[in-house]
Amino acid sequence: MLFRQIFFIVIALAAIVRVSILPNRAWIPIAVCWGILALSFTYYMSGLTPDEINGMLYSKTLVVCEFIELLLFVLIVFSSGTVGRIIGYFPGVMILAPIALLSSVASRSFPGLDFMIPGLLSGASVCVVSASLVFLCRNLRCGKESLYIVSLFGILICIIYYGMP
């Protein structure tokens, strides 16, 4: 269970470091979109059973997709020219997995209440926390070196997690 949480933290950290490299006009709308996705996923997760959520969030397909995305992040670090400019605006889509995990927890946190409250709380928290972490990474001058280190660590976690039963 702890290793799964580490896996989701590494996914979120890699996406945040990746987005922190983008210019201001790109990362601010991305953080807002992540908040909207958290709101939407909370509504969606409220209709699923715990077994369906576990089957969706803890599948090996998710690990393979994250591995491919982390390899793409390594490609972003070493690419230049036209390919570098085209790939340079890929923010990462596997942040959806940690957002879905947070949304599944938020949808079950307030029993008896309308799902609007957990949805708004999860959306606002994802938006504020992700924007704050991106801003922190930008102020710490996290660049492509940090993205490379986080990507290699994430690839190692993916390999270990894929081999686990």
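Numbers here simply count residues along the sequence, with the first being 1.
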Heavy-atom pair with the smallest gap, counting every atom of [X] and [Y]:
X	Y	result
V83	S79	CG1-CB, 4.4 Å
L62	A97	CD1-CB, 3.7 Å
C142	S20	O-OG, 4.1 Å
A31	S130	CB-OG, 3.8 Å
L70	A14	CD2-CB, 3.8 Å
P118	A106	CB-O, 3.2 Å

Let me confirm one number: the [atom1]-[atom2] distance from [X] to [Y], rounded to the nearest 0.5 Å.
X	Y	atom1	atom2	result
S103	L37	OG	CG	8.5 Å
L13	F8	CG	CZ	15.0 Å
I87	S80	CD1	OG	11.0 Å
C127	I28	SG	CD1	10.0 Å
L101	N54	CG	CG	9.5 Å
F41	S107	CZ	OG	12.0 Å

Subject >> Among L71, L72, V77, the one residue meeting side-chain contact (heavy atoms from CB on, under 4.5 Å) with L75 >> reply: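 Single side-chain contact (heavy atoms from CB on, under 4.5 Å) partner of L75 among L71, L72, V77: L72.
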**OP:** May I have all residue pairs that pass side chain to side chain donor-acceptor pair (under 3.5 Å) and include part of residues 27-40, sequence neighbours excluded?
**Re:**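 Counting only pairs at least two positions apart or across chains, the side chain to side chain donor-acceptor pair (under 3.5 Å) contacts touching residues 27-40 are N24-W27.
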Do [X] and [Y] make a side-chain contact, defined as non-hydrogen atoms from C-beta onward lying under 4.5 Å apart?
X	Y	result
I155	V74	yes
L102	S125	yes
I9	P98	no
I53	R108	yes
S46	T42	no
S104	L57	yes

Tell me whether [X] shares a hydrophobic cluster with [Y], the cluster being built from Ile, Leu, Val, Met, Phe, Trp, Tyr side chains joined at under 4.5 Å.
X	Y	result
I11	M56	yes
I21	L152	yes
V150	I157	no
L96	V32	no
V126	V105	no

**OP:** Would you indicate whether Y44, at its atom OH, is surrounded by more than 12 heavy atoms from other residues, nucleotides or ligands within a distance under 6.0 Å?
**Re:**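 No, the 6.0 Å shell around OH holds no more than 12 heavy atoms from other groups.
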Original post:
Do any pairs count as a ring pair (Phe, Tyr, Trp, His ring centres under 6.0 Å) and have a residue in residues 51-104, sequence neighbours left out, and if so which ones?
Top reply: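 Those involving residues 51-104 are F78-Y148.
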Original post:
With sequence neighbours left out, what residues match F7 under ring pair (Phe, Tyr, Trp, His ring centres under 6.0 Å)?
Top reply: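 Expected list: Y161.
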Spell out, as yes or no, whether a donor-acceptor pair under 3.5 Å connects the side chain of [X] to the backbone of [Y].
X	Y	answer
R138	L22	yes
Q5	L2	no
E69	G92	no

Subject >> Step-by-step side-chain contact (heavy atoms from CB on, under 4.5 Å) determination, V10 to E66 >> reply: CA-CA 10 Å; V10 168; E66 178 59 27; 5.8 Å; no
